[in-house]
Amino acid sequence: MAGKGYNYADDYEDHWYEHDDDYDEDYEEDDPELAEAVRAVEAQKAAAIPTAKAKGSASRSGGAAAQKAGGKGAAAGNSVRGAGLDAGASALAHYLCDPPPTLPSGKPQRGGRKVEQAIPLPQTFPIAPQTSAAAPTKLFNFDQPSPDDRVLAAQSGKSTSSGAQTRGSQQSRTRNMSDRHESRWTDDAVASTSGRPEPDPQLQERRRPLSEYRPVSDLARACEEASAEQDAQVGGKSRLHLVVLGHVDAGKSTLMGRLLHELGHISQKTVHKAQRDAMAAGKGSFAWAWLLDERAEERSRGVTVDVASTFFETPKHLVRLLDAPGHRDFVPNMIAGAAQADAALLLVDGSVGGFEAGFDAGGGMGGGQTREHAQLARSLGIEQLAVVISKLDTCAFSQERFEQVKGALLPFLRTSGFRESQVQWLPAVGPTGQNLTGPPTEPALSSWWRGPSVVAAIDAFRPAARAVGRPLRMPIADVFKGLRSGVAVGGKLEGGALKVGTKVLIHPGGKPASVRSIDMDGQAVPLARAGDTADVMLAGIDSTALAVGAVVCHPDWPVQVAGRLEARIVVLDLPLPILKGRQVSVHVHTAQESGQILRLVSVLNPKTGEVTKARPRALTKGQTAVVEISVARPMCVELYTDYRALGRIALRDGGHTIAVGIIVSLHDLS
Ligand SMILES: Nc1nc2c(ncn2[C@@H]2O[C@H](COP(=O)(O)OP(=O)(O)OP(=O)(O)O)[C@@H](O)[C@H]2O)c(=O)[nH]1
């Protein structure tokens with residue numbers, strides 16, 4: 001079953017939301033073993049490992065606002081996407097901005113560099129000592145406000161020490177195609193989109209149902225021709241958007257750095273340079289990660305800040321890879337990355353203490369990012385997951401430890417809405433390349449592991465269905481200046497298609513524009529279809545009308561712009577109940593806005609959807625409920641039943657995700 005971008009006509013069954021919390025109770029009722037496992041995890045949590053909290057209390061840096069040099073590489077579509085983009089990137093991000101050598105067609109990319117033949121490396125990098133539960137991770141010396149801090153400051157009307165920006169972390173996602181340039185929301189732009197317009201009560205009734213939409217025939221024909229042509233060009237391979245998730249230091253960048261090298265996308269020379277630089281800086285164990293975490297800040301702190309995107313090929317897929325930051329401060333960036341993905345690799349540190357730190361419930365405030373990332377990924381529509389258990393080399397490749405981690409995580413993933421059949425489990429060791437592209441060579445691992453390698457697990461993911469027959473929706477993940485003139489936006493088409501010359505509308509604001517050119521994977525193309533990630537150069541529009549979180553849409557079938565909405569949510573781990581009036585940060589696709597919970601409408605039976613309590617006074621952990629939320633500025637959203645990718649919502653507060661859900665009704669439409 002496809003991951004995201006479903007066609008409205010398909011009979012996709014969203015397990016979580018339609019049968020959602022079956023899991024919650026099923027495992028208790030039907031599966032005593034599972035219930036026992038959950039109790040064991042709870043007991044484990046009670047014995048809490050304080051590392052995550054210690055990390056959380058460290059002062060922080062909002063490095064996401066920093067910008068990375070654009071240049072032609074960025075124009076070629078390899079720049080960081082999703083959040084804090086120009087701000088340089090994670091290890092992956094870094095690599096991403098230095099374009100991969102060739103395109104699916106075999107042609108070199110514009111600005112691409114020559115890559116030598118990848119040859120297997122011996123284990124040259126020291127392995128991080130991760131054997132003690134007492135010190136599985138390090139403290140970070142963050143000294144500036146994080147993206148979340150900015151959002152919180154904006155909500156409370158305070159400014160942060162580094163200068164709060166109107167749109168918080170979204171501001172930092174703007175990138176430049178030709179030179180370093182920070183495209184800000186100007187007062188005009190804010191006025192055009194932020195002032196709450198008078199709601200139009202008849203708007204909803206006047207809107208034609210999306211099911212009546214039929215693409216114009218020339219676009220439909222172009223899509224058909226393009227599919228045949230592009231499929232032939234890429235040797236029958238399908239496109240897959242993959243996000244790499246996991247707690248900080250789980251080994252994401254290291255694993256992906258080594259994988260990209262083994263697949264021939266990072267040269268031997270580059271590897272040696274990263275190794276030399278890392279050694280010289282006394283951070284030898286981060287050499288593989290440095291292939292991707294190229295920003296000085298990321299290297300010195302050893303953490304990924306931004307979401308980066310790059311491209312690689314497996315036997316079955318052309319993979320657009322998004323490396324999400326693991327640190328809790330950068331979860332908004334992670335959300336923007338995961339919002340574009342069809343499938344996810346969840347890296348889990350299997351070392352003793354390492355897993356527990358990432359999975360710790362954190363005293364009821366979200367805890368480790370293993371939990372938060374998994375829950376967010378599911379709420380953003382990702383159904384297909386491969387859990388990669390790393391660092392087993394620190395415990396002699398113990399099969400028992402592998403099973404222990406799996407046993408603790410599986411019930412949690414089920415309650416988060418993942419189907420067991422859609423979750424793969426595998427071990428891998430990034431620094432030595434064990435089980436990355438083929439069976440492990442390490443006897444202690446090969447003696448018991450018979451399952452897939454990382455590449456095989458990626459190949460087992462199914463590509464998303466392309467919803468080309470739907471009205472155009474392209475949530476903007478990136479805004480940047482054109483090479484010569486004009487402005488361009490980057491993002492994933494969730495529905496419909498675009499051709500050069502297509503007339504579009506940008507919401508909020510309702511500004512018209514037309515498509516001047518389209519770039520995909522660094523090449524100019526005549527057409528982009530649902531499921532593609534593209535850079536679209538626009539004509540007839542000013543950059544002030546564009547921002548991350550806005551949506552490029554069909555002029556006659558525009559996206560909804562709502563100032564108030566009702567959502568069916570599941571309350572996550574939190575120490576204090578949700579009360580009416582709570583300030584939250586609202587995340588939908590790539591958009592993020594300050595909001596407030598106006599009303600607690602009802603508590604629902606998660607199995608039947610029946611109202612068990614109307615107008616509750618508070619919502620607590622695990623409850624399914626309907627709430628009404630207002631946002632400070634109208635947001636581009638859709639009902640979940642109309643457009644799933646634009647109808648999923650996450651609510652955050654105090655740097656933690658407190659609820660995830662779906663949008664069930666829209667109000668104050670403009
Ligand atoms: N022993 C061992 N160390 C590993 C393994 N994978 C990664 N490491 C080490 O763990 C540390 C963190 O690795 P990264 O790749 O930076 O982790 P990350 O998940 O990308 O971290 P963020 O991007 O900051 O979230 C580095 O010192 C790596 O060398 C592994 O499989 N075994």
Point to revise | Main-chain N/O of His241 paired to Asp342 side chain as donor or acceptor, under 3.5 Å | key: yes

Point to revise | Listed partners of Ala659 passing side-chain contact (heavy atoms from CB on, under 4.5 Å), at least two apart | key: Ile569, Leu651

Point to revise | Over all atoms of both residues, closest heavy-atom pair of Gly490 and Asp535 | key: CA-OD1, 3.6 Å

Check your understanding: Just how far is it from atom CD1 of Ile658 to atom CZ of Arg652, taken to the nearest 0.5 Å?
Key -> 10.0 Å

Review point. Side-chain contact, heavy-atom cut-off 4.5 Å: His667 with Leu565?
Key: no

Review point. Where the side chain of His373 meets the backbone of Gly246, is there a donor-acceptor pair that is under 3.5 Å apart?
Key: yes

Check your understanding: Can Glu638 and Arg644 be counted as an ion pair, charged N to O under 4.0 angstrom?
Key -> no

Exercise for review: Could you tell me which non-hydrogen atom of Asp478 sits nearest to which non-hydrogen atom of Val548, and how far apart they are?
Suggested key: N-CG2, 4.0 Å

Check your understanding: Do you know which two heavy atoms are closest between Ala374 and Phe418, and how far apart they sit?
Key -> O-CE1, 3.5 Å

Practice item. Could you tell me whether a side-chain N or O of Gln422 sits under 3.5 Å from a main-chain N or O of Glu383, the two making a donor and an acceptor? Key: no

Exercise for review: Can you see which heavy atom on Val561 is nearest to which on Pro508, and at what distance?
Suggested key: CG1-CB, 4.1 Å

Review point. Are side-chain heavy atoms of Leu546 and Val489 found at a separation under 4.5 Å?
Key: yes

Point to revise | Residues forming a side chain to side chain donor-acceptor pair (under 3.5 Å) with Glu628, sequence neighbours excluded | key: Arg564, Arg599

Review point. Does the side chain of Val504 reach to within under 4.5 Å of the side chain of Leu538, using non-hydrogen atoms?
Key: yes

Study note, to complete from the structure: Nearest heavy-atom approach of Pro475 to Lys492 is CD-O, 3.5 Å

Review point. For Pro577, which residues count as a side-chain contact (heavy atoms from CB on, under 4.5 Å) partner, sequence neighbours excluded?
Key: Ala618, Thr620

Check your understanding: Is there side-chain contact between Val611 and Val603, with heavy atoms separated by less than 4.5 Å?
Key -> no

Practice item. Could you check Ile541 against Ile506 for side chain to side chain contact (heavy atoms under 4.5 Å, CB included), going step by step and ending with a plain yes or no? Key: CA-CA 9 Å; Ile541 193 161; Ile506 316 292; 3.4 Å; yes

Point to revise | Test side chain to side chain donor-acceptor pair (under 3.5 Å) applied to Asp556 - qualifying residues, sequence neighbours left out | key: none

Practice item. Can you measure from CD1 (Ile662) to CD (Glu566) and round to the nearest 0.5 angstrom? Key: 12.0 Å

Review point. Where the side chain of His507 meets the backbone of Gly510, is there a donor-acceptor pair that is under 3.5 Å apart?
Key: yes

Check your understanding: Quick one: are Met635 and Val586 in side-chain contact, heavy atoms under 4.5 Å?
Key -> yes

Exercise for review: Apply salt bridge (charged side-chain N to carboxylate O under 4.0 Å, His left out) to the pair Arg470 and Glu494, showing each step before the final yes or no.
Suggested key: CA-CA 9 Å; Arg470 311 220 60 201; Glu494 296 293 353; over 6 Å; no

Review point. Just by modelled atom types, is the Gly647 backbone N or O under 3.5 Å from a matching donor or acceptor in the His589 side chain?
Key: no

**Study point:** Straight-line distance of Ser416 OG to Leu572 CG, nearest 0.5 Å
**Key:** 8.0 Å

**Study point:** Non-neighbouring partners of Thr612 that pass side chain to side chain donor-acceptor pair (under 3.5 Å), sequence neighbours left out
**Key:** none

Study note, to complete from the structure: Heavy-atom closest pair (Val664 atom, Arg568 atom, distance to 0.1 Å) is CG1-CB, 4.0 Å

Check your understanding: So, Arg473 side chain and Gly495 main chain: donor-acceptor pair closer than 3.5 Å or not?
Key -> no

Point to revise | Heavy-atom side-chain proximity of Val552 to Val536 below 4.5 angstrom | key: no

Check your understanding: Is the closest side-chain heavy-atom distance between Phe480 and Val487 below 4.5 Å?
Key -> no

Practice item. Step by step, work out the side chain to side chain contact (heavy atoms under 4.5 Å, CB included) result for Leu346 and Leu245. Key: CA-CA 5 Å; Leu346 178 64; Leu245 307 172; 4.0 Å; yes

Review point. Counting distance only, does the side-chain N/O of Tyr643 pair as donor-acceptor with the main-chain N or O of Pro471 below 3.5 Å?
Key: yes

Practice item. Return yes if some donor-acceptor pair links the side-chain N/O of Arg378 with the main-chain N/O of Gly417 below 3.5 Å, else return no. Key: yes

Study note, to complete from the structure: Those residues at least two apart in sequence (or on a different chain) that pass salt bridge (Lys or Arg N to Asp or Glu O under 4.0 Å) with Arg615 are none

Review point. Which is it for Leu345 and Val387 under the side chain to side chain contact (heavy atoms under 4.5 Å, CB included) test, yes or no, and what are the steps along the way?
Key: CA-CA 6 Å; Leu345 290 184; Val387 182; over 6 Å; no

Revision key, fill the gap. Rounding to 0.5 Å, atoms OG (Ser602) and CD (Gln623) come to a distance of 10.5 Å

Point to revise | Expected output: side-chain Lys252 to main-chain His247 donor-acceptor under 3.5 Å | key: yes

Study note, to complete from the structure: Residues at least two apart in sequence or cross-chain that pass side-chain contact (heavy atoms from CB on, under 4.5 Å) with Lys580, listed by chain then number, are none

Exercise for review: Kindly indicate whether the side chain of Ile649, heavy atoms from C-beta on, has any atom under 4.5 Å from the side chain of Ile629.
Suggested key: yes

Point to revise | side chain to side chain contact (heavy atoms under 4.5 Å, CB included) assessment of Arg320 paired with Leu242 | key: CA-CA 6 Å; Arg320 168 75 40 204; Leu242 180 70; over 6 Å; no

Practice item. Report the distance from atom CG of Leu409 to atom CZ of Arg371, rounding to the nearest 0.5 Å. Key: 9.0 Å

Point to revise | Flag, side chain of Thr590 to backbone of Ile476, donor-acceptor distance under 3.5 Å | key: yes

Revision key, fill the gap. One should read off an interatomic distance between Leu579 CG and Leu600 CG, to the nearest 0.5 angstrom, of 7.0 Å

